[in-house]
Amino acid sequence: MTHPDPARVEQVRAGLAAVRDRIEAACDRAGRSPEEISLVAVTKTYPASDVRILASLGVTDVGENRDQEAAPKAAETADLGLTWHFVGQLQTNKAKSVASYADVVHSVDRARLARALGGRAAEAGRRLTCLIQVNLDQDSRAGVIGPRGGVDPDDALELAARIEEHEALTLGGVMAVAPREGDPSVAFARLREVAGRVRDRYSLATMISAGMSGDLEAAIEQGATHLRLGAALLGNREPIVG
Ligand SMILES: *Cc1c(COP(=O)(O)O)cnc(C)c1O
């Protein structure tokens with residue numbers, strides 16, 4: 001195995017330290033403990049060598065948003081025993097691949113996808129924790145499906161029931177991406193309310209996946225349990241062309 005680039009190790013170490021400081025400060029303000037917060041390192045566009053560096057620095061959870069990229073990266077780093085989170089929009093024809101390496105799917109937004117994941121996970125003898133992706137963008141709900149995906153908040157309980165029908169699926173809680181416009185605290189407060197309704201019926205569904213590099217403070221203030229962080233850890237991604 002090749003040795004990690006020492007300069008890159010230091011960059012990632014600094015990113016991780018800065019993120020931990022932000023989490024601690026936000027927890028202080030919110031009267032929460034940093035132990036309540038899990039960090040999912042989103043490694044999209046970054047190489048498997050960065051996944052190794054993150055793991056060497058104590059990161060246990062990594063996330064990806066495209067199966068084409070996630071599947072080979074998960075295979076290359078299988079020896080690390082990491083927990084893999086799938087966080088992007090997912091087509092049912094990718095369910096078989098995702099069910100083969102993912103432990104948590106944050107982006108379950110329709111019954112058909114739950115059925116596909118439930119069937120594929122069962123075939124593979126695996127269990128998947130599923131989060132209901134909630135659409136917090138009023139504008140996109142009013143029109144066509146928003147680019148960021150997710151169910152209408154009023155439909156979350158119905159989808160929860162559909163997920164729970166599958167033996168191989170465990171309902172973990174809810175996930176959302178803050179809308180591009182507006183105050184993320186307001187959006188995440190709405191997510192917290194949906195999370196409460198789901199948890200009232202399914203007491204083990206306690207996860208709230210919210211907060212990215214730009215809005216992790218607002219997410220912590222509104223009860224997030226899982227932060228999905230890419231840029232703050234690994235640097236800004238090149239814009240994807242095409
Ligand atoms: C890329 C991505 C993230 C991480 O975003 P950063 O701004 O890089 O922290 C989180 N969630 C989802 C769904 C993503 O696609």
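Every number for a ligand or one of its atoms is a count from 1 in the order of the listing. These numbers come from the heavy atoms of this one structure, side chains and all, not from hydrogens, waters or symmetry mates.
We find that Asp50 and Lys73 are not joined by a salt bridge, their nearest charged nitrogen and carboxylate oxygen being 4.0 Å or further apart. We find that Glu217 and Arg22 are joined by a salt bridge, their nearest charged nitrogen and carboxylate oxygen being less than 4.0 Å apart.
Applying the side chain to side chain donor-acceptor pair (under 3.5 Å) rule to Glu10 yields the partners Arg13; only residues at least two apart in sequence or on another chain are considered. A search for salt bridge (Lys or Arg N to Asp or Glu O under 4.0 Å) contacts involving Arg127 returns nothing, not counting sequence neighbours. Taking the ring-ring contact (aromatic ring centres under 6.0 Å, His included) definition, one finds that His226 meets it with nothing, sequence neighbours left out.
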For ligand 1, output the ligand-protein N/O contacts shorter than 3.5 angstrom; if there are none, return none.
residue  : atom   : partner : partner atom : Å
ligand 1 : 8 (O)  : Ala231  : N            : 2.8
ligand 1 : 8 (O)  : Arg237  : NH1          : 2.7
ligand 1 : 8 (O)  : Arg237  : NH2          : 3.1
ligand 1 : 9 (O)  : Ser213  : N            : 2.9
ligand 1 : 9 (O)  : Ser213  : OG           : 2.5
ligand 1 : 9 (O)  : Gly230  : N            : 2.8
ligand 1 : 11 (N) : Arg228  : NE           : 2.9
ligand 1 : 15 (O) : Lys44   : NZ           : 2.7

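Counting heavy atoms from C-beta on, the side chains of Arg199 and Thr206 come closer than 4.5 Å.
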